[in-house]
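This report refers to the structure that appears directly beneath it.
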Amino acid sequence: MASNLDGDRLLAVFEALRATHGPQDWWPAQTPFEVMVGAVLTQNTSWTNVEHGLKNLATLGALTAPAILALPEPELADRLRPVGYFNVKARRLRAFCAAYLAHGGLEGLSRLATPELRHRLLAIQGVGPETADDILLYAFDRPVFVVDAYTRRLLSRLGELDGNEGYETIRQGLETALGRDVALFNEYHALIVRHAKEVCRTRPRCGVCCLAELCAGRQG
DNA sequence: TACCAGGAGAAAA
DNA sequence: TTTTCTCATGGT
């Protein structure tokens, strides 16, 4: 079902979200590398927790790959304690930094075509589809739609999914339906997260169902 | 107090 | 191959 998503309907949802929340200007980071670090740290964790961890690293002057790798893993884990899953994430962040440098850093990775870059990101221990796509979209400006739990819930509520689609099926379905538009994908994912956090959380068991209601209202 | 959060990988079935 | 379990702190 996800291979035949309704692009016009999805654009109507986007317009409704943008009218409600305005531009989001994601990702909240100073550099592409900081986007990548944040993408790893935010796995199954609220952004406020991630901010504490990023602040700890910044205080140490450790927001570069060499600086992170220079920290012993136990110390890195201790700095990441506010993030949650700190032992796991210390290991994953070090693996990411090692791969980042091995591939020539930002310059080396930027030279790769999107499919190859995605393949190499997914080969890093601790980088799954969503994290890789966060990095591709927000650090490298590649036209990749980030499919998170909110996106799945929204599409399900809209009746665009039957619930059995895998990550790749949904991602490719969205990219086909919406066209490969970096600016659109950037704002759309940010708006879904913003709406889910600010609006849906105030409505018990809402999920992102009110997005569907919002869209239905716009369409009449 | 209980639940959830911008997942991923390993282990078990 | 698919499902279940583990990782863990901070905010509401």
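Below, read A as the first sequence line, B as the second, and so on, with proteins coming before strands; counting in each chain starts at 1. Values below: every heavy atom of this structure, side chains too, minus hydrogens, waters and symmetry copies.
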Using the closest heavy atom to pick a nucleotide of DNA chain B for each, name whichever of A:T42 or A:G126 lands nearer the 5' end.
A:T42
Determine: side-chain N/O of A:R153 to OP1/OP2 of B:dA5, distance under 4.0 Å, yes or no.
yes
Among B:dG9, B:dA5, C:dG10, the one nearest A:R92 by side-chain distance
B:dG9
Is there a side-chain contact between A:I135 and A:V35 (heavy atoms, below 4.5 Å)?
no
Between A:T131 and B:dA8, is there a contact of a side-chain N or O with OP1 or OP2 at under 4.0 Å?
yes
Whole angstrom is fine here: how far is it from CG in A:D148 over to P in B:dA8?
11 Å
Please say whether the positively charged group of A:R81, taken as NZ for Lys or CZ for Arg, lies over the ring of A:F86, i.e. under 6.0 angstrom from the six-membered ring centre and within 45 degrees of the axis.
yes
Note: A:D133 and A:Y167 closest approach over all heavy atoms is OD2-OH, 2.6 Å
Rounded distance in Å - CZ (A:R79) to C1' (C:dT9):
17 Å
In whole angstroms, how far is the C1' atom of B:dA10 from the CZ atom of A:R91?
11 Å
Please give, in whole Å, the distance from C:dG11 P to A:N49 CG?
6 Å
Report the residue from A:V147, A:T151, A:T176, A:V146 that forms a side-chain contact (heavy atoms from CB on, under 4.5 Å) with A:R171.
A:V147
Of the listed nucleotides C:dG10, B:dG9, B:dG7, the one nearest the side chain of A:Q125
B:dG9
Measuring from the side chain of A:T48 (C-beta onward, heavy atoms only), which nucleotide among C:dG11, C:dA8, B:dA8 has the closest atom?
C:dG11
So A:H52, base contact, sugar-phosphate only, or nothing? Heavy-atom distance under 4.0 Å.
sugar-phosphate
Over how many whole Å does the gap from A:D134 atom CG to B:dG7 atom P extend?
8 Å
With sugar-phosphate meaning primed atoms plus P, OP1 and OP2, does A:V193 contact a base, only sugar-phosphate, or nothing at under 4.0 Å between heavy atoms?
base
Of the listed nucleotides (C:dA8, C:dG11, B:dA5), which one gets closest to any side-chain atom of A:F86?
C:dA8
OH of A:Y85 versus C1' of B:dC4: gap in Å, rounded?
10 Å
In whole Å, what is the span from the CG atom of A:N164 to the C1' atom of C:dT2?
12 Å
Please give the distance between the P atoms of B:dA10 and C:dA8 as a whole number of Å.
15 Å
Select base, sugar-phosphate, or nothing to describe what A:V146 touches, counting heavy atoms under 4.0 Å on all strands.
nothing
Which part of the nucleic acid, if any, lies within contact of A:L122, taking any heavy atom under 4.0 Å across all strands shown: a base, the sugar-phosphate backbone alone, or nothing?
nothing
Without decimals, in angstroms, what is the distance between A:L54 CG and C:dG10 P?
14 Å
Any chance the side chains of A:K89 and A:T45 put a donor and an acceptor closer than 3.5 Å?
yes
